[in-house]
Visitor: 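Pasting a structure below so you can have a look.
No experiment lies behind these values; they were computed from the predicted model shown. Every heavy atom of this structure was used, including side-chain atoms; hydrogens, water molecules and symmetry mates were not. Order of listing sets the numbers, starting from 1, for every ligand and every atom in it.
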Amino acid sequence: MDTRGREFLKDGVRKSVDFSRTPQARGIEPPPPQKPPRPGERIIALSPPGAWRTVPKLGLEEAIARRRSRRDFLAQPLSMEELSFLLWATQGLRPGSPPGGNFRTVPSAGCRHALESYVAALRVAGLAPAIYRYLPLDHALVEAVRPADLAERLVRATFGQRFCGEGAATFAWTAVPARMEWRYASASYKVIALDAGHVCQNLYLAGESIGTGVCAVAAYEQDLMDELLGVDGEEEFTLYLAAVGKR
Ligand SMILES: Cc1cc2nc3c(=O)[nH]c(=O)nc-3n(C[C@H](O)[C@H](O)[C@H](O)COP(=O)(O)O)c2cc1C
């Protein structure tokens with residue numbers, strides 16, 4: 001058995017990084033904390049945090065106790081307010097984040113937030129079926145791509161996991177490594193993966209609190225998912241997915 005991959009889980013790599021030569025130490029501007037909308041991309045406003053009317057408040061203890069992976073979903077759509085809540089809970093700015101700050105509802109190593117969030121909306125009231133990208137700093141969506149056969153392509157890109165095309169939406173998080181590399185160079189990769197875990201756990205708990213099932217998915221075909229999201233596979237690539245649906 002090849003166990004060399006174990007090294008990825010350790011922090012030995014840090015000793016080999018010359019932190020005086022990182023882009024940050026060399027005075028290079030950090031990459032933008034959010035992929036900017038492309039010219040002409042339509043910005044879709046989301047329901048703002050604090051003003052939700054339909055999002056029930058389930059106690060945290062109960063949400064934690066009920067959390068489990070759910071793969072059977074009803075045909076019922078998610079409302080825009082529910083989607084807004086799930087996006088905010090997973091990547092949104094936390095209330096009181098200072099102007100120009102990038103403090104979110106989830107932690108991130110060095111506050112670098114090297115993830116982008118995509119939502120393949122299959123059944124979201126008011127949204128045409130398409131893949132949307134979340135802009136955390138604006139709490140808004142942009143339509144990224146509108147592929148034909150979205151549900152089928154999601155299933156195909158996840159090795160036939162049918163529930164990935166059966167829910168109301170499938171979330172996909174990509175990594176933009178340069179954001180983390182700017183500070184941590186080759187010590188970036190493990191912490192990007194750790195960051196993704198926090199994001200998906202918040203999705204599980206937020207989903208539980210609104211009667212929405214969630215199942216994390218790390219088994220996917222890299223090329224097919226990258227192609228579906230319209231990302232280049234080098235500077236940005238798929239890292240983690242989660243199917244979401246009413247139950
Ligand atoms: C990193 C990670 C990857 C996972 N990938 C998949 C997956 O590809 N397909 C799937 O059906 N479940 C996936 N799961 C869900 C696990 O199977 C599930 O968490 C586990 O069986 C425990 O069940 P529970 O979440 O209900 O406690 C994944 C979970 C994690 C944390």
Visitor: Tell me whether the count of non-hydrogen atoms from other residues, nucleotides or ligands lying under 6.0 Å of CG in D138 goes above 12.
Guide: yes
Visitor: Hey, can you tell me if H139 and Y134 have their rings parallel, tilted or perpendicular (30° and 60° cut-offs)?
Guide: perpendicular
Visitor: Distance check, rounded to the nearest 0.5 Å: F73 atom CZ versus L78 atom CG?
Guide: 10.0 Å
Visitor: For ligand 1, what are the residues with a heavy-atom contact below 4.0 Å?
Guide: R67, R68, S69, R71, Q161, F163, C215, A216, V217, A218, A219, Y240
Visitor: Taking CZ in R26 as the centre, count heavy atoms belonging to other residues, nucleotides or ligands within less than 6.0 Å. Is the count above 12?
Guide: yes
Visitor: Checking side-chain polar atoms at under 3.5 Å, does S188 have a donor or acceptor matched by the opposite partner on E181?
Guide: no
Visitor: Taking it one step at a time, do E221 and R156 satisfy salt bridge (Lys or Arg N to Asp or Glu O under 4.0 Å)?
Guide: CA-CA 8 Å; E221 256 194 75; R156 220 179 308 139; over 6 Å; no
